Amino acid sequence: MKIVDIETFRPSGHANVLLLRLRGEDASLVGHGETFYAASSVEAYIHDVVAPILFSLESADPTSAVAALTPYVGYLGSGVETRAISAVDIALWDLHARSLGRSVSQVLGGAVRDDIEIYNTCAGTGYVQGPGGQSVANWGLAQGAPGPYEDLHAFMTRPGELAEELVEAGIGGMKVWPFDPYAERHGGRRIDRDELARGVGVVEAIRAAVGDRIDVMVELHGLWDLPTARRIVSALDGLDVSWIEDPIRADHLEALAALTADSPIPIAGGETVAGAASYRRLLAADALDIPIVDPTWTGGLSEAVRVARVAKDHGRPVAAHDCTGPVSLAVCTHLSLTQPNALVQETVRAHYHGWYADLVTELPPIAAGRISAPPGVGLGLEFVPDLAARPDVSVRVSQRPGPRSVA
Ligand SMILES: [Mg+2]
């Protein structure tokens with residue numbers, strides 16, 4: 001099918017969120033995509049570079065379109081080019097599935113499970129919603145009115161109570177990142193004894209409050225060097241931590257492999273890594289126990305499926321990311337339901353019960369600590385009808401040149 005329209009949407013309160021909608025020559029057929037970080041830069045790349053290529057294709061199926069869009073420079077990382085292609089690839093899968101009257105899970109070969117266990121990433125409503133990247137300054141703790149679940153503030157100040165709330169809500173796991181302020185303070189090169197004790201104290205308080213009734217994951221955001229990461233891993237040993245995530249940047253492959261070899265706690269990571277080939281190198285080096293993948297960053301759903309298969313071929317599970325947007329959560333859910341080695345689906349209840357519903361008509365249902373795909377064709381969601389008209393949403397449109405047939 002030819003693509004005739006590309007629309008991008010940037011909601012002003014969410015500086016990093018970029019939503020994308022493709023329209024096929026049959027105007028009733030649309031596909032939805034999304035990516036996160038540097039939204040205006042990705043948007044410019046989509047309209048300046050991606051659009052002319054996409055419009056030149058007689059048939060924009062995901063596989064052929066991504067082959068045509070893969071750039072000479074920029075394919076090796078999860079930079080602007082790859083994030084743009086990720087959003088487009090996801091939208092093409094949505095459109096492709098809709099054109100067949102099927103769900104994305106069905107066109108991927110079918111679901112192997114009806115639902116999958118979730119865990120709660122303990123972010124708050126404003127987490128990384130300001131301009132800029134993943135840093136303590138962009139935690140959003142002081143931004144505007146508090147949302148329904150300010151779980152980041154809660155894990156830093158009352159982790160035991162938060163764990164009790166989550167257990168009560170039937171959520172089986174929680175992820176926290178109490179060491180980040182100290183990493184920023186010292187450039188990841190050291191951690192003082194009292195800082196180490198405060199970070200470990202968050203997990204100790206969770207265990208004291210709820211015992212073993214919740215899984216605990218500790219996120220380190222790739223901020224540490226090898227010796228300091230070793231100190232943190234060692235200090236967390238004995239607290240039944242399910243995984244330590246991204247202790248060291250994924251491109252420091254030998255250091256990550258050395259840590260993983262010694263660690264008594266499984267090492268997870270990879271959400272910022274682009275492309276299955278990069279995961280293959282990480283897994284061949286035994287640098288990760290639990291690969292994490294984000295379709296909106298790694299190159300799209302096409303690439304995320306390849307990542308899941310590479311993980312499976314290396315005897316590893318795969319865990320899908322989401323802390324970034326509603327389309328991301330939907331596409332990750334379809335991925336998790338269709339990949340035999342999917343372990344668990346990340347969710348953020350502050351976003352799920354907060355701003356996600358401002359942007360889309362449906363979210364993947366969550367019940368009894370498990371998530372399933374929204375019913376319906378494609379990804380199972382659409383953008384809210386008034387999205388393009390909203391004063392808080394910036395819209396940019398590119399249209400295929402020449403005569404258009406409108407159904
Ligand atoms: Mg993460």
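Atoms within each ligand, like the ligands themselves, are counted from 1 in listed order. Hydrogens, waters and symmetry mates play no part in the numbers below; they use all other heavy atoms, side chains included. It should be emphasised that the depicted structure is a prediction, and the values quoted were computed from it without experimental measurement.
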**Any side-chain heavy-atom pair of Y37 and Q134 under 4.5 Å** =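 Touching, per the 4.5 Å side-chain cut-off.
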**Message:** Just checking: E346, one of its N/O/S atoms, less than 2.8 Å away from the Mg ion (ligand 1), yes or no?
**Reply:**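 Looking at E346, which is the residue asked about, there is no N, O or S atom under 2.8 Å from the Mg ion (ligand 1).
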Tell me which N, O or S atom of [X] sits nearest to the Mg ion (ligand 1).
X    : value
E271 : OE1
E245 : OE2
E219 : OE1

**Request:** Would you list the pairs meeting salt bridge (charged side-chain N to carboxylate O under 4.0 Å, His left out) in which at least one residue belongs to residues 37-57, sequence neighbours left out?
**Result:**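 For residues 37-57, and leaving out neighbouring residues, the salt bridge (charged side-chain N to carboxylate O under 4.0 Å, His left out) pairs sorted by first residue read R10-E43, D48-R396.
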**Asked** Is the number of heavy atoms from other residues, nucleotides or ligands under 6.0 Å of F55 CZ greater than 12?
**Response**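 Count over threshold, so yes.
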**Prompt:** In chain order, what residues pass the side-chain hydrogen bond (donor to acceptor under 3.5 Å, both in side chains) check against E117, with sequence neighbours excluded?
**Reply:**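 Once residues adjacent in sequence are excluded, E117 has no partner under the side-chain hydrogen bond (donor to acceptor under 3.5 Å, both in side chains) criterion.
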